[in-house]
*Asks:* 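Before we start, here is the structure in question, set down as structure tokens.
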Amino acid sequence: MSDVARQARVSLMTVSRVINNKGDVSSETRQRVLEIIANLGYRPSAIARSLATKETSTIGLVVPDVSNAFFAEITQGVEHLAYSRGYHVFLCNTEEDPQRELAVIQSLEEKRVDGLIICSSRLEEEKLIDILANLPAVVLINRRLYQTVEDTFDSVTLDDERGGWLAVHHLIQSGHRQIGFLAGPPASYSGAGRRKGFLAALQEAGIQLVDGWMKHCQPSVEGGYEATRYLLGTYPQLTALFCFNDLVAVGALQACDELKRRVPQDLAIVGHDDIPVAALVSPTLTTCRVPRYELGARAVNALLERLRGDCPADCSQIVLQPELVIRESAP
């Protein structure tokens, strides 16, 4: 900036006003400064600007599996809206590893991001609260977290209990009473909600729960495949499966193909999320559609409101609703 000011024969303040498109600079002077900036190849230092303003115009986004289309579309919602508001996003993938999640959150804190969005955190509650207390603004996606009984972090969540109920109620209405549940990771907030919906639908229909019919698994095709092989090998009387997500459901389809269990004639399968692959596999998946892009966009809105101080005294708790989509795997 000193070089630009010297060549343009103006003050540093004038150069700053031109760079930041502020007034009080004549059109002739502005044009001369811009030409010298172009000739010198000058670019403002983001680091210097952040030291002066105490803001970096960056947001950290932490997701457990960037290869999963569910999280990819949430990421798209975050990035699109953040960019439109003048923010850049640092995306960190934890690969479903709580220790790696802890490390990337600490790294983002060190980079002085203005705020942090954490999607489907796998960290234990106490550990997550401790580390988030050091950050200026945080929004959680698919996780509710209480600092105290009265005080919570901002969050954007799905009504996972409703999703579980919709899926299992549909299976019961179709005549199924021996229904297994591939429940996803034990630490998953969404998995816990879908389990509540699963149990509520069974209870309403007067169906006795068999504990062994619920099996935790990795939220992946491989996880669904292995869990389905186990459940059907141990409980061959099962006539339906509700799966934690669509990737798990695809793994269940693969296992059924190997075991010669026809879908839906021998075993009905319902997934969750309605990622693009749900409509592409054969048979196509009955599933619960989730507004994934909106999850990300609403999280950015909540975060920026918190940064601007526009939030009410209590925290923002946004809950979005799933929608049952009936296809071939469970008509």
Side-chain angles (χ1 to χ4, degrees), residues 61-76 91-102 104 117-125 128 140-144 156-164 166-168 179-198 213-232 241-256 269-281 285-293 295-296 320 322 325 329:
L61 173 62
V62 180
V63 299
D65 182 6
V66 74
S67 67
N68 184 334
F70 177 81
F71 298 114
E73 196 163 344
I74 288 175
T75 298
Q76 190 177 45
L91 172 62
C92 294
N93 177 38
T94 69
E95 296 186 350
E96 299 283 351
D97 181 353
Q99 292 306 311
R100 182 165 175 169
E101 181 181 340
L102 184 63
V104 300
I117 297 172
I118 304 179
C119 188
S120 300
S121 173
R122 306 304 190 209
L123 284 171
E124 295 177 1
E125 188 159 307
L128 187 55
L140 302 171
I141 297 178
N142 288 345
R143 180 82 181 258
R144 292 286 294 277
V156 183
T157 59
L158 296 168
D159 190 342
D160 288 298
E161 185 171 348
R162 174 69 176 170
L166 284 171
V168 179
I179 304 170
F181 178 31
L182 306 187
S188 170
Y189 176 88
S190 292
R194 291 167 199 176
R195 181 179 184 274
K196 287 181 180 178
F198 170 80
W213 292 359
M214 291 192 296
K215 175 72 173 172
H216 288 292
C217 63
Q218 286 298 306
S220 62
V221 174
E222 295 77 12
Y225 170 83
E226 293 171 2
T228 302
R229 296 275 305 192
Y230 170 80
L231 276 185
L232 297 184
L241 290 177
F242 169 45
C243 301
F244 170 76
N245 67 15
D246 292 336
L247 293 180
V248 170
V250 171
L253 288 175
Q254 292 181 351
C256 286
I269 295 175
V270 178
H272 201 287
D273 298 343
D274 196 27
I275 62 175
V277 72
L280 301 176
V281 293
L285 275 176
T286 294
T287 185
C288 289
R289 179 172 293 156
V290 168
R292 300 176 295 278
Y293 183 97
L295 279 169
L320 305 181
V325 179
S329 68

*Asks:* Taking the side chain as every heavy atom from C-beta outward, state whether Val62 and Ile117 have any pair of such atoms under 4.5 Å apart.
*Replies:*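 The answer is no, as the side chains (C-beta and beyond) never meet within the 4.5 Å cut-off.
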*Asks:* State, yes or no, whether a side-chain contact exists between Leu166 and Arg162 at a heavy-atom distance under 4.5 Å.
*Replies:*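 SC-SC contact between Leu166 and Arg162 confirmed.
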*Asks:* Quick check for you: to the nearest 0.5 Å, what is the distance between Leu285 atom CG and Asp273 atom CG?
*Replies:* 11.0 Å
*Asks:* For Arg143, does the CZ atom have more than 12 heavy-atom neighbours from other residues, nucleotides or ligands under 6.0 Å away?
*Replies:* yes
*Asks:* Can you find a side-chain donor-acceptor pair between Thr157 and Asn142 that sits under 3.5 Å?
*Replies:* no
*Asks:* Which heavy atom of Arg100 sits nearest to which heavy atom of Thr94, and what is that distance?
*Replies:*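 Heavy atoms of Arg100 and Thr94 come nearest at CD-O, 3.5 Å.
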*Asks:* Heavy-atom distance under 4.5 Å between the side chains of Asn93 and Val104, does that happen here?
*Replies:*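 The answer is no; the side chains never approach within 4.5 Å.
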*Asks:* How long is the span from the CG atom in Asp274 to the CD atom in Glu73, to the nearest 0.5 Å?
*Replies:* 9.5 Å
*Asks:* Go through the steps for Val63 and Asn68 under the test side chain to side chain contact (heavy atoms under 4.5 Å, CB included), then give the verdict.
*Replies:* CA-CA 10 Å; Val63 299; Asn68 184 334; over 6 Å; no
*Asks:* Would you say Gln76 has more than 12 foreign heavy atoms packed within less than 6.0 Å of its CD?
*Replies:* yes
*Asks:* So which pairs with a foot in residues 213-231 pass salt bridge (Lys or Arg N to Asp or Glu O under 4.0 Å), sequence neighbours left out?
*Replies:*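 Listed by first then second residue: Arg229-Glu258.
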*Asks:* Measure across Asp246 and Thr287 and return the closest heavy-atom pair with its distance rounded to 0.1 Å.
*Replies:* OD1-OG1, 2.7 Å
*Asks:* With a 4.5 Å limit on heavy-atom distance, are the side chains of Val250 and Cys243 in contact?
*Replies:* no
*Asks:* Quick check: closest heavy atoms across Ile141 and Gly296, and the distance to 0.1 Å?
*Replies:*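 What the structure gives for the nearest pair is CD1-CA, 4.2 Å.
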*Asks:* Measuring only between side-chain heavy atoms, which start at C-beta, is Glu95 closer than 4.5 Å to Pro64?
*Replies:*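 Counting from C-beta outward, Glu95 and Pro64 never come under 4.5 Å.
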*Asks:* Rounded to the nearest 0.5 Å, how far does CZ of Arg292 lie from OG1 of Thr75?
*Replies:* 12.0 Å
*Asks:* Atom CZ in Phe198, atom CH2 in Trp213: separation rounded to 0.5 Å?
*Replies:*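 Result: 8.5 Å between the selected atoms.
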*Asks:* Do Pro322 and Asp159 have side chains that approach each other closer than 4.5 Å (heavy atoms only, starting at C-beta)?
*Replies:*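 Result yes, sub-4.5 Å side-chain heavy-atom pair found.
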*Asks:* Would Arg194 and Glu161 pass as an ion pair if we require N to O under 4.0 Å?
*Replies:* no
*Asks:* List the atom of Ser329, the atom of Thr286, and the distance in Å for their closest heavy-atom pair.
*Replies:* OG-N, 2.8 Å
*Asks:* Work out which heavy atom in Gly223 is nearest to a heavy atom in Cys217; give both atom names and the distance.
*Replies:* O-CB, 3.6 Å
*Asks:* Is there a side-chain contact between Phe71 and Ile275, using heavy atoms and a 4.5 Å cut-off?
*Replies:* no
*Asks:* Would you mind reporting whether Leu320 and Leu295 have side-chain heavy atoms less than 4.5 Å apart?
*Replies:* yes
*Asks:* I need the Asn245 CG to Gln218 CD distance, nearest 0.5 Å.
*Replies:*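 The CD atom of Gln218 is 10.5 Å from CG of Asn245, to the nearest 0.5 Å.
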*Asks:* Report the residues that fulfil side chain to side chain donor-acceptor pair (under 3.5 Å) with Tyr293, sequence neighbours left out, ordered by chain and then residue number.
*Replies:*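 By the side chain to side chain donor-acceptor pair (under 3.5 Å) rule, Tyr293 matches His80.
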*Asks:* Could you list the donor-acceptor pairs under 3.5 angstrom formed between side-chain atoms of residues 181-191 and any protein atom two or more places apart in sequence or on another chain?
*Replies:*
from   : atom 1 : to     : atom 2 : distance (Å)
Ser188 : OG     : Ser190 : N      : 3.3
Ser188 : OG     : Gly191 : N      : 2.9
Ser190 : OG     : Asp160 : OD2    : 3.2

*Asks:* Just verifying a value: how many Å separate Ile74 CD1 and Ser120 OG, rounded to the nearest 0.5 Å?
*Replies:*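 So the CD1 of Ile74 and the OG of Ser120 are separated by 6.0 Å.
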*Asks:* Kindly give the heavy-atom pair with the smallest separation between Thr228 and Cys256, and that separation in Å.
*Replies:* CG2-SG, 4.5 Å
